[in-house]
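One structure is given below, encoded as structure tokens.
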Protein chains: 2
Amino acid sequence: MSKCEQCIVRQFNSLKALTKDELVRISSCKTSKIIKKGEVIFEEGETLNGIYCVKDGVCKLSKLSANGKDQIVKLVIKGDLLGQRSLIGNESANLSATALKDMEVCFIPKSEIINDLQNNSNFSMDVLQKMAHDLKESDNVIVNMAQKTVKQRLAEVLIYIYQHFGADTNDMLNVVLSREEYANIVGTATESAIRILSQFKKEGLISTSGKQIKIEDIKGLKKVV
Amino acid sequence: MSKCEQCIVRQFNSLKALTKDELVRISSCKTSKIIKKGEVIFEEGETLNGIYCVKDGVCKLSKLSANGKDQIVKLVIKGDLLGQRSLIGNESANLSATALKDMEVCFIPKSEIINDLQNNSNFSMDVLQKMAHDLKESDNVIVNMAQKTVKQRLAEVLIYIYQHFGADTNDMLNVVLSREEYANIVGTATESAIRILSQFKKEGLISTSGKQIKIEDIKGLKKVV
DNA sequence: ATAGTAATATGATATTTATCATATTTGCTT
DNA sequence: AAGCAAATATGATAAATATCATATTACTAT
């Protein structure tokens, strides 16, 4: 099994603040897992006994709302950690995590992490900074949700995915979401999301081939926002 | 000037995790401030050189959106800390803080707090827990913004204020917001907020006297949500 | 107390978004 | 390759919300 001390992925998250010794110890008790596209990593309300470090793939974090829709709150990329908040707050998971592509994740038991959090201030400060940043992002999402139109929000999501997850050689977005998932990110009806994407197509901002979306005019999209 | 070691307010925030010695040191370098209703404590983009501990009063945290509206993201009550996130993230303030009532706040310089954050793991763990909790709340707000109607969100805000800030002997809500501020919390036009409040009045859920709002039927309001 | 200003209220209408219905296309299974 | 289910697409309409206009009421400063 791969070793945390040699894993590049940790450079992208707070685990980089751990000492070599701490990493070796964690490495010896972590477990690796392959998660297929569409599979659930953990579900809302579930008690997590540790955190997940995403080695590869992408997943969505979502929450079921009262009207039965599954609001997507965040997309998680390679390098991110999952479940720190539940672990720190000592609460059950507030969100469900579902793979959008095949994933490889490492599970680190709670006890190991909590210990380091209390004893290694570099680590805890890094986690604090990450959380401060996430809170800022959340506030910005709230403002967007409250003040922007569905069309603007959808354009922003396309730009966000393009910039954070990139596109393949054909310029197709690397993360492939269903129209329903797009709707569940921006908080609208699936038909509305479809309609607006169709409109973007007519305006030459994007083109599609099946579920795949290609960004044709990023500047134009930015003008929508 | 009052002393932090003897201040009850700190029981409600992370400062409770500080040791007696740390409190004495902070007490000696903190400054107290009276802020009148309507005054700004700090503004979006401003660099904060410390954090504020709210001893009395209420303030709103808001962010100017592209369309010129001032989205209110959070209401802050006695006992809360302001500005930890900017301090931890080492960034300028993402939100503006404006007093909704006369306030008394204590300002604690950055250097003092950062030091304790790094050296007192009880303190940093408490801040971490607070932030984990705030993130959870933020996610819930995002889901509500995305999935609920304006009417539902407005009913929720009334319930929230009733439950968190209470009412006076006449059952009038303790926190008095303008209709525009209500609109800026739920993310709607001022007229829409006014209209819905009028509707709530007709339905006997609330009554008003000027800007003051009285909750007449909390159960009925909860049914709206 | 009164004028002037800001906030609240409400009507009329336009725009945005949701819902329901029904094609059409895509991807999958055999 | 055919058949089937799910996803996408689009029209028609309803509902929610925004915008503009204009009263009315409350508050403030003299």
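The sequence lines fix the lettering, A, B, ..., with proteins before strands; numbering per chain opens at 1.
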### Task
Scan side-chain atoms only and decide if N140(B) and N94(A) contain a donor-acceptor pair under the 3.5 Å cut-off.
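Side-chain D/A pair, N140(B) to N94(A): present.
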For residues 196-205 of chain B, tabulate all N or O donor-acceptor pairs below 3.5 Å that involve a side-chain atom, not counting sequence neighbours.
unit_1  : atom_1 : unit_2  : atom_2 : d
S198(B) : OG     : I194(B) : O      : 3.0
Q199(B) : NE2    : E203(B) : OE2    : 3.2
K201(B) : NZ     : T208(B) : OG1    : 3.1

#### Entry: For DNA chain D, the residues among residues 143-162 of chain A that have a non-hydrogen atom under 4.0 Å from it
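Within residues 143-162 of chain A, no residue comes under 4.0 Å of DNA chain D.
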Send over the distance from [X] [atom1] to [N] [atom2], rounded to a whole Å.
X       : N       : atom1 : atom2 : value
K37(A)  : dC28(C) : NZ    : C1'   : 13 Å
K69(A)  : dT17(C) : NZ    : C1'   : 10 Å
Q199(A) : dT17(C) : CD    : P     : 10 Å

### Query
Of all residues at least two apart in sequence or in a different chain, which pass the side-chain contact (heavy atoms from CB on, under 4.5 Å) check with L64(A)?
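Result, side-chain contact (heavy atoms from CB on, under 4.5 Å) vs L64(A): E44(A), D70(A).
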### Task
Could I get the full list of side-chain contact (heavy atoms from CB on, under 4.5 Å) partners for A189(B), not counting sequence neighbours?
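So A189(B) forms a side-chain contact (heavy atoms from CB on, under 4.5 Å) with K69(B), E191(B), S192(B).
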### Query
Listed by chain and number, what are the side chain to side chain donor-acceptor pair (under 3.5 Å) partners of D139(B), not counting sequence neighbours?
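Partners of D139(B) by the side chain to side chain donor-acceptor pair (under 3.5 Å) criterion, ordered by chain and then number, come out as R85(A).
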#### Entry: Any residue meeting side chain to side chain donor-acceptor pair (under 3.5 Å) with Q147(A), in chain and number order, not counting sequence neighbours
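With sequence neighbours excluded, Q147(A) shows a side chain to side chain donor-acceptor pair (under 3.5 Å) to N67(B), Q71(B), given in chain and number order.
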Show me the side-chain donor-acceptor pairs of residues 156-168 of chain A shorter than 3.5 Å, one per line, residues at least two apart or across chains.
unit_1  : atom_1 : unit_2  : atom_2 : d
E156(A) : OE1    : N144(A) : ND2    : 3.0
E156(A) : OE2    : K148(A) : NZ     : 2.7
H164(A) : ND1    : Y160(A) : O      : 3.1
D168(A) : OD1    : N170(A) : N      : 2.8
D168(A) : OD1    : D171(A) : N      : 3.1
D168(A) : OD1    : M172(A) : N      : 2.9

### Query
Can you pull the side chain to side chain donor-acceptor pair (under 3.5 Å) pairs that have at least one residue in residues 95-110 of chain B, sequence neighbours excluded?
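As it turns out, the side chain to side chain donor-acceptor pair (under 3.5 Å) pairs with a partner in residues 95-110 of chain B, which skip direct neighbours, are N90(B)-K110(B).
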#### Entry: Pairs touching residues 215-225 of chain B that satisfy side chain to side chain donor-acceptor pair (under 3.5 Å), sequence neighbours left out
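Listed by first then second residue: S207(B)-E216(B).
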### Query
Which residues satisfy the salt bridge (Lys or Arg N to Asp or Glu O under 4.0 Å) test with K151(B), sequence neighbours excluded?
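Result, salt bridge (Lys or Arg N to Asp or Glu O under 4.0 Å) vs K151(B): none returned.
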### Message
Please report the end-to-end axis angle for the helix from dA1(C)-dT30(D) to dT30(C)-dA1(D), five pairs per end, rounded to 10 degrees.
### Response
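Taking five pairs per end, the axes differ by 50°.
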Nucleotide N/O of nucleotides 6-10 of chain C paired with protein N/O under 3.5 Å:
unit_1  : atom_1 : unit_2  : atom_2 : d
dT8(C)  : OP2    : R179(B) : N      : 3.2
dA9(C)  : OP1    : R179(B) : NH2    : 3.4
dA9(C)  : OP1    : K201(B) : NZ     : 2.9
dA9(C)  : OP2    : R179(B) : NE     : 2.9
dA9(C)  : OP2    : R179(B) : NH2    : 3.3
dT10(C) : OP2    : S198(B) : OG     : 3.0

